[in-house]
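Notes follow once the structure below has been shown.
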Amino acid sequence: MNKKAKKIILKTKKQVYGDMLGNNASMFQGEGFEFAELREYVYGDDVRKIDWKTTAKLGKPFVKVYKEERELNVVVVSMLAGSMYFGTVKQKSDVLAEVVATLGFSAVKNSDLFSHMFFADKLYDLSKPSKKLFSVHKAVEEVVAFDPLGKEGDYKALVETLNNRLKKKALLFIISDFVGDIDLKLLSKKHDVFAVIVRDKFEEDPSELGYLRLIDMETKESFEGNIDSSTLKSYKKALHDNDEKLYKQFKKQGIRFTKIYTHEDSSLKLMKSMR
């Protein structure tokens, strides 16, 4: 096993199964129940389950009856475009691998089904749902071994692929830096979607760098020029506009989200954001 993958697996497994995250029965807030039928209210029923629309229509109280689902279908998607090959503290792709491990171990610990997909310009792998620890190890190893350089993130293709492949309702986690034209509306109608945004502080607030030769990690095109205050101002505005549009869209579509920076403890940040 790759040394980096082994280190990530050991660290996150200790956090999930140890004292740090172990006191939580589950990190996941999936529904856990599905609607089964309506029946007439009887004394002792939970009034919170009264269907007021049906009650008003029929003139007597009716309650919604649910049946418990045996497990959640936890699907974790790694969006590994070239832009993830960056970081001042550690690589964004390494943080992504930590998030995959945390979510995977949490699913297995809770006896939920876990499956992992990794995507960039196209689908590279989609694992079968599993409750085995091995499935989490394999997902982390694949993320660490994957070379994102020269690959552009195609979010439209990602949404289409997930919509076609995921037949059962899922608790769907998408991990990416979320820069670009992104619309997850189609997925949010079918699944409980949680977006995990991975960023480095420097890419959001860079300092003046002077004259540099830069390489675009997605297209591999190189640029030369003076990175002065005017250039940085335009760049920061573009990223700010990207994020404002993204957050507005997430809130409108009922998509939960959190942002994890490369200098933060990804497992703890994720746990706090999901409470």
Side-chain angles (χ1 to χ4, degrees), residues 13 15-77 99 102-117 128-133 135-136 159 162-175 183-196 247-259 267-275:
K13 187 184 288 185
Q15 288 179 310
V16 172
Y17 285 89
D19 294 334
M20 199 169 290
L21 304 184
N23 292 330
N24 296 291
S26 174
M27 283 176 61
F28 306 133
Q29 300 297 318
E31 290 178 0
F33 295 86
E34 62 178 355
F35 175 72
E37 62 180 351
L38 282 170
R39 67 162 170 78
E40 197 170 341
Y41 175 88
V42 295
Y43 180 77
D45 282 338
D46 188 344
V47 294
R48 292 174 298 180
K49 294 180 180 178
I50 293 176
D51 186 312
W52 296 106
K53 188 175 180 179
T54 305
T55 297
K57 187 176 180 180
L58 299 179
K60 51 186 176 181
F62 277 76
V63 294
K64 291 180 179 178
V65 179
Y66 295 87
K67 66 178 181 181
E68 188 171 359
E69 293 179 336
R70 294 196 311 171
E71 71 246 326
L72 290 173
N73 180 33
V74 180
V75 179
V76 180
V77 180
V99 173
T102 301
L103 293 170
F105 286 133
S106 296
V108 172
K109 179 174 180 284
N110 200 49
S111 297
D112 292 324
L113 289 169
F114 165 77
S115 57
H116 176 254
M117 170 192 284
K128 292 181 179 179
S130 173
K131 295 184 180 182
K132 304 290 186 182
L133 288 172
S135 64
V136 185
V159 170
L162 284 168
N163 189 53
N164 292 332
R165 294 289 187 111
L166 299 184
K167 304 301 181 185
K168 181 182 176 183
K169 184 176 181 180
L171 180 52
L172 177 61
F173 292 87
I174 301 175
I175 318 166
D183 188 353
L184 307 180
K185 180 170 65 176
L186 190 63
L187 297 176
S188 67
K189 289 180 178 179
K190 257 173 94 173
H191 308 284
D192 293 328
V193 183
F194 196 112
V196 183
Y247 300 156
K248 186 177 180 180
Q249 182 190 108
F250 283 168
K251 289 172 183 176
K252 183 179 180 181
Q253 296 169 2
I255 295 172
R256 290 178 287 163
F257 64 95
T258 189
K259 183 185 287 185
S267 296
L268 285 177
K269 183 70 179 286
L270 195 56
M271 178 193 71
K272 289 177 182 177
S273 67
M274 295 185 66
R275 278 178 174 172

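Just so you know, these numbers come straight off a predicted model, no measurement behind them. In what follows, every heavy atom counts, from backbone to side chain, and hydrogens, waters and symmetry copies are set aside.
Applying the side-chain hydrogen bond (donor to acceptor under 3.5 Å, both in side chains) test to Lys259 and every residue at least two apart in sequence or in another chain returns Glu204, Tyr247. Applying the side-chain hydrogen bond (donor to acceptor under 3.5 Å, both in side chains) rule to Arg39 yields the partners Asp45; only residues at least two apart in sequence or on another chain are considered.
Applying the 6.0 Å contact sphere to NZ of Lys168 captures more than 12 heavy atoms from other residues, nucleotides or ligands.
Closest heavy-atom contact between Phe105 and Tyr17: O-OH, 3.7 Å. Here the closest non-hydrogen pair linking Val75 and Ala170 is CG2-CB, 3.8 Å. Considering every non-hydrogen atom in both Leu184 and Gln249, the closest pair reads N-OE1, 3.5 Å. Heavy atoms only, all atoms of each residue included: Leu187 and Val159 are closest at CD2-O, 3.9 Å.
Between the side chain of Lys167 and the main chain of Asn164, a donor-acceptor pair closer than 3.5 Å is present. Judged by distance alone, the side chain of Lys190 and the main-chain N or O of Asn163 form a donor-acceptor pair under 3.5 Å. For Thr55 (side chain) and Phe62 (main-chain N/O), a donor-acceptor pair under 3.5 Å exists by modelled atom type. Judged by distance alone, the side chain of Asn110 and the main-chain N or O of Asp112 form no donor-acceptor pair under 3.5 Å.
Between Glu40 and Leu58 the shortest side-chain heavy-atom distance does not fall below 4.5 Å.
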Could you go through Lys131 and Leu113, starting from their C-alpha distance and side-chain angles, then the distance that decides it, and tell me whether this counts as side chain to side chain contact (heavy atoms under 4.5 Å, CB included)? CA-CA 5 Å; Lys131 295 184 180 182; Leu113 289 169; 3.9 Å; yes
What's the verdict on side chain to side chain contact (heavy atoms under 4.5 Å, CB included) for Phe194 and Thr258, showing C-alpha distance, side-chain angles and the deciding distance? CA-CA 8 Å; Phe194 196 112; Thr258 189; 3.8 Å; yes
Side chain to side chain contact (heavy atoms under 4.5 Å, CB included) assessment of His191 paired with Leu162: CA-CA 10 Å; His191 308 284; Leu162 284 168; over 6 Å; no
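Results of the side-chain contact (heavy atoms from CB on, under 4.5 Å) test with Ser106 over Val136, Leu270, Val16, Val74 single out Val16 as the only residue that passes.
The distance from the NZ atom of Lys53 to the CG atom of Leu38 is 11.5 Å, given to the nearest 0.5 Å. Rounding to the nearest 0.5 Å places CG of Leu268 at 5.5 Å from CD of Gln15. Note that CG of Asn73 is 10.5 Å distant from CG of Asp192, once rounded to the nearest 0.5 Å. A distance of 6.5 Å separates CZ of Arg165 from CE of Met117, quoted to the nearest 0.5 Å.
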